[in-house]
Amino acid sequence: MITRTRAIRLPAWAGQPVEKELGGWPVVESFEPSVGDCAVGLTDLSHRPKAIVHGPAVQALGLMNPGQAVWNGQALVGCMKPQEAVIFDLAGPMDADWTDTAYTDMTDGWVLLGLWGPSSLEVVQRLVTVDLEPRETEGPVFFVTGSHGIRVQLVNLRGATPGFIISCVRSHGQNLFDACLRSGRQFDLKITGQEAFYDWLGGTSPSRKG
């Protein structure tokens, strides 16, 4: 099995990470001492499977128009442009079966961050300039935009509590992570492990339709 390294360096003030190996990735489960409740959580989810989908397979995923996003209970799928979409698998097996030629695996090439909690919308509004709550659509929405000169893919889950998934190429991952920290400083942002993120995801019930 390939042993991978994290693209994100965690600051000492986050606490002592409690890690486990998952699919060859060192994954932070939690921190000691516990971060407790927070207005904004920032979680490194870069170990999760990610892919670009091309051609007719995009329509088979239930997507037709750029900006559409779907949460199927396992993965977030966002339409970038006609016949091109991205998949962020948050709850499926780590060895995603993407042998179809319509799928290009981006797991090693992209970082993936979760920004979630009551004040997460205010933080993301400081990262990007797009309208994160378009009135003409319901359910999750997908954006391809820029943040401090970095091209990012962004999903607003629009769940019961605000939350976002944001991704970029691995080489810019630390810059994006640091930008999140700067934007969230005034909102008491806390860095969390994946346990806290999945506790939030399980309780927010994002819409299944784009």
Side-chain angles (χ1 to χ4, degrees), residues 1-38 40-52 71 73-78 86-99 103-117 120 123-124 127 147-148 150-155 157 163-185 188-204:
M1 179 182 291
I2 297 173
T3 300
R4 298 171 170 89
T5 58
R6 272 200 307 270
I8 305 299
R9 298 186 305 275
L10 301 172
W13 57 261
Q16 179 63 39
V18 178
E19 294 185 346
K20 75 172 184 179
E21 185 275 333
L22 190 61
W25 292 86
V27 178
V28 177
E29 289 280 277
S30 59
F31 286 90
E32 295 179 350
S34 172
V35 297
D37 294 333
C38 56
V40 186
L42 174 61
T43 311
D44 181 9
L45 301 168
S46 300
H47 61 286
R48 293 303 313 172
K50 304 173 280 291
I52 300 175
W71 165 250
Q74 172 177 316
L76 280 166
V77 188
V86 299
I87 295 180
F88 302 130
D89 190 320
L90 300 180
M94 285 293 295
D95 55 342
D97 183 16
W98 289 332
T99 55
Y103 289 74
T104 301
D105 195 307
M106 300 301 297
T107 305
D108 291 325
W110 288 350
V111 298
L112 187 67
L113 306 176
L115 267 168
W116 52 276
S120 57
V123 175
V124 179
L127 290 172
S147 175
H148 302 278
I150 304 169
R151 185 176 186 269
V152 298
Q153 297 84 37
L154 174 69
V155 180
L157 278 80
F164 301 83
I165 297 295
I166 185 168
S167 179
C168 75
V169 296
R170 181 182 174 94
S171 59
H172 288 301
Q174 188 67 48
N175 292 334
L176 179 61
F177 186 82
D178 292 343
C180 292
L181 294 183
R182 290 192 299 270
S183 298
R185 187 177 298 126
D188 193 29
L189 179 148
K190 295 180 180 177
I191 300 172
T192 79
Q194 70 166 6
E195 286 182 354
F197 172 81
Y198 283 109
D199 285 346
W200 166 80
L201 184 64
T204 194

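Counting begins at 1 with the first residue of the sequence.
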Between [atom1] of [X] and [atom2] of [Y], what distance do you get to the nearest 0.5 Å?
{"X": "K20", "Y": "L22", "atom1": "NZ", "atom2": "CG", "answer": "5.5 Å"}
{"X": "C180", "Y": "N175", "atom1": "SG", "atom2": "CG", "answer": "11.0 Å"}
{"X": "R6", "Y": "Q174", "atom1": "CZ", "atom2": "CD", "answer": "10.5 Å"}
{"X": "E19", "Y": "Q16", "atom1": "CD", "atom2": "CD", "answer": "8.5 Å"}

*Going through the checks in order, is the side chain to side chain contact (heavy atoms under 4.5 Å, CB included) test met by F164 and L127?*
CA-CA 12 Å; F164 301 83; L127 290 172; over 6 Å; no

Heavy atoms, side chains only, cut-off 4.5 Å: are [X] and [Y] in contact?
{"X": "I87", "Y": "W98", "value": "yes"}
{"X": "L42", "Y": "F177", "value": "yes"}
{"X": "L113", "Y": "T43", "value": "no"}
{"X": "Q153", "Y": "W110", "value": "yes"}
{"X": "V28", "Y": "Q194", "value": "no"}
{"X": "C168", "Y": "R151", "value": "no"}
{"X": "L115", "Y": "L189", "value": "yes"}
{"X": "W71", "Y": "V155", "value": "no"}

*Do side-chain atoms of S120 reach the backbone of G117 as a donor and acceptor pair under 3.5 angstrom?*
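Checking the backbone N and O of G117 against the side chain of S120, a donor-acceptor pair under 3.5 Å is found.
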
*Donor-acceptor contact present, side-chain Y198 to main-chain L90, <3.5 Å*: yes

*Parallel, tilted or perpendicular: which fits the ring planes of F197 and W116, with parallel below 30° and perpendicular above 60°?*
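Perpendicular: the ring planes of F197 and W116 meet at over 60°.
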
Looking at [X] and [Y], what are the two nearest heavy atoms and their distance?
{"X": "H47", "Y": "M94", "value": "O-CE, 3.0 Å"}
{"X": "G73", "Y": "A91", "value": "O-CB, 4.0 Å"}
{"X": "R4", "Y": "G23", "value": "NH1-O, 3.2 Å"}
{"X": "T107", "Y": "R48", "value": "CG2-O, 3.6 Å"}

*Start with the C-alpha gap between I166 and F88, add the side-chain angles, then the distance that decides, and say whether side chain to side chain contact (heavy atoms under 4.5 Å, CB included) holds.*
CA-CA 10 Å; I166 185 168; F88 302 130; over 6 Å; no

